[in-house]
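I have placed the structure first, in the form of structure tokens, so that the comments after it can refer back to it.
We number each residue from 1, following the sequence as shown. Counting starts at 1 for both ligands and their atoms, following the listed order. Note that the coordinates shown come from a computational prediction; the quantities given were computed from them, not determined experimentally. Values reported hereafter were calculated over all heavy atoms of this structure, with side chains retained and with hydrogens, waters and symmetry mates removed.
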Amino acid sequence: MTPTDLGTVRHDWTLPEATGLLGLPLLDLLYHAQRVHRENHQPNTVQMSTLLSIKTGACPEDCAYCPQSVRYDTGLEREELMEVDAVRERALRAKEAGATRFCMGAAYRSPKAKEMRVISRMVREVSALGLETCATLGMLTPEQARELKSAGLDYYNHNLDTSPEFYGQIITTRTYQDRLDTLEAVRAADLKVCCGGILGMGESPSDRARLLMTLANLPQHPESVPINQLVQVPGTPLAGTAPVDPLDFVRTIAAARLMMPRAHVRLSAGRQEMSDELQALCFLAGANSIFYGEKLLTTGNPDIERDRSLLARLGIQPESASGPFRDSDAGSHRDSRGHIPDPEPNPAPGERNEETAA
Ligand code: SAM
Ligand code: DTB
Ligand code: SF4
């Protein structure tokens, strides 16, 4: 692999290659990641998704990071599946605030038929508002994936979370293969795949490389790759784990960008604990999606004002859902020389108004 090969869409990554990327001198890694980013995506642009927990807590699974597992006492109040109208209202508010995708998360091992019928109605209503839709409901059968597709779902989020080797120390109630099977069912139903992992759970650099390798060697790269930093919640087994080195977090984003050049890489959970400067480095490394809104599922996220101000200071524009740079088009918007056309110049920070900054 030479630096000029970087940027090719491949599905045969080896562990030495992935660890090699993570171990590059940081500035070389950032240079290549930003170069490949600009070959495939509109620069200075970030996609914005808003999350809503539509069913909270009392989950039978034992994911060691998760405040919603029934096995850990995190003081979280359980909430039944929300009413369709209430979800529609929250989606409308997210759209008005500037989000283009609305992601509905439920603390299920896998959804039941009755729940699927309600969630399908939610998907129809949210989609009718002109928002992209995403759901994360646990394991799906191929039939359930098709049911969501016919309701109009655009994306399904199902994370691998970590490497196959480290996985058993984090979750015992479902296997890595179960996750791969759900991803296959989601793809077979022609849904877009949102799949990534979590850093800061005590994994090694090699586990991070194996996670990225597994994602990049899927038959098709996920359209969206969330890289979460563990949000430590007291009461969960992982509370008190040594935090990930912020520069290693940046390295993982950059390697994800290089290994999945056309994916949207999401700087996902953990932003509330990150400085503006660290987030800027993540965008330089190729992150081009965030969760937007003051809450993730059950934990905090930067509030809208802080994010608007951050994006304005960085000269970053929100990506429009209907614009020319959706996932399906990534890499196809080049001019006759194969270059990305120059973006509109960003206004100087003082010239921005609230609307352009949102
Ligand atoms: N119950 C479903 C499942 O696990 O497939 C969907 C919801 S679950 C909360 C979605 C994802 O959120 C998990 O796979 C994990 O990657 C992420 N997540 C959960 N708790 C987290 C935490 N404390 N910090 C960072 N990411 C977390
Ligand atoms: C993802 O990768 N991260 C989001 C979303 N997909 C569903 C969830 C983050 C959850 C953080 C902990 C919480 O708020 O409960
Ligand atoms: Fe349940 Fe999902 Fe949390 Fe695991 S991550 S405990 S499956 S809600």
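Shortest non-hydrogen contact noted between Gln47 and His264 is CB-CD2, 3.8 Å.
Remark: the Thr162 side chain and the Asp207 side chain contain no N/O donor-acceptor pair separated by less than 3.5 Å. Using modelled atom types and a 3.5 Å distance limit, the side chains of Thr8 and Asp5 yield no donor-acceptor pair. Side-chain contact of Glu184 with Thr182: a donor-acceptor pair under 3.5 Å is absent, judged by distance alone. Between the side chains of Gln220 and His11, no donor-acceptor pair of N or O atoms lies under 3.5 Å. Side chains of Glu61 and Thr173: a donor-acceptor N/O pair is present below 3.5 angstrom, by distance only.
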Arg208 vs Glu203, test: salt bridge (charged side-chain N to carboxylate O under 4.0 Å, His left out). Steps then yes/no.
CA-CA 7 Å; Arg208 291 177 198 143; Glu203 73 286 344; 2.9 Å; yes
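The shortest side-chain heavy-atom distance between Leu278 and Phe249 does not fall under the 4.5 Å cut-off. Taking the side chain as every heavy atom from C-beta outward, Leu52 and Val87 approach each other to under 4.5 Å.
For atom 1 (Fe) of ligand 3, the nearby protein N/O/S atoms, meaning those under 2.8 Å, are Cys59 SG.
Each of the atoms 5 (S) of ligand 3 lies under 4.0 Å from some heavy atom of Tyr65.
Residues with a heavy atom under 4.0 Å from ligand 1: Tyr65, Ala106, Tyr108, Thr136, Gly138, His158, Asn159, Asp161, Arg174, Ile198, Asn228, Gln229, Leu230, Val231, Ala269, Leu297.
One distance of note links SG of Cys195 with CG of Leu218; it measures 6.5 Å at 0.5 Å rounding. Ser206 contributes atom OG, which lies 9.5 Å from atom CG of Leu22 (distance to the nearest 0.5 angstrom). The distance from atom CZ of Arg266 to atom CZ of Arg101, rounded to the nearest 0.5 Å, is 5.5 Å. Of the inter-residue distances, the one linking Arg71 atom CZ with Asp62 atom CG reads 5.0 Å to the nearest 0.5 angstrom.
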Need the list: ligand 2 N/O atoms against protein N/O atoms, distance under 3.5 Å, rounded to one decimal.
| residue | atom | partner | partner atom | Å |
| --- | --- | --- | --- | --- |
| ligand 2 | 2 (O) | Asn159 | ND2 | 2.8 |
| ligand 2 | 2 (O) | Asn228 | ND2 | 2.9 |
| ligand 2 | 3 (N) | Asn228 | OD1 | 2.9 |
| ligand 2 | 6 (N) | Asn157 | OD1 | 3.2 |
| ligand 2 | 14 (O) | Leu297 | N | 3.0 |
| ligand 2 | 14 (O) | Thr298 | N | 2.9 |
| ligand 2 | 14 (O) | Thr299 | N | 2.9 |
| ligand 2 | 14 (O) | Thr299 | OG1 | 2.8 |
| ligand 2 | 15 (O) | Thr298 | N | 3.2 |
| ligand 2 | 15 (O) | Thr298 | OG1 | 2.6 |

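Protein heavy atoms come within 4.0 Å of atom 4 (Fe) of ligand 3.
Looking at Arg174 against ligand 3, only its side chain comes within 4.0 Å, counting heavy atoms.
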Side chains of residues 225-236: which donor-acceptor pairs under 3.5 Å do they make with residues two or more places apart or in other chains?
| residue | atom | partner | partner atom | Å |
| --- | --- | --- | --- | --- |
| Asn228 | OD1 | Ser268 | OG | 2.8 |
| Asn228 | OD1 | Ala269 | N | 3.0 |
| Asn228 | ND2 | Gly197 | O | 3.1 |
| Gln232 | OE1 | Gly240 | N | 2.7 |
| Gln232 | NE2 | Thr241 | O | 2.7 |
| Thr236 | OG1 | Val233 | O | 2.6 |

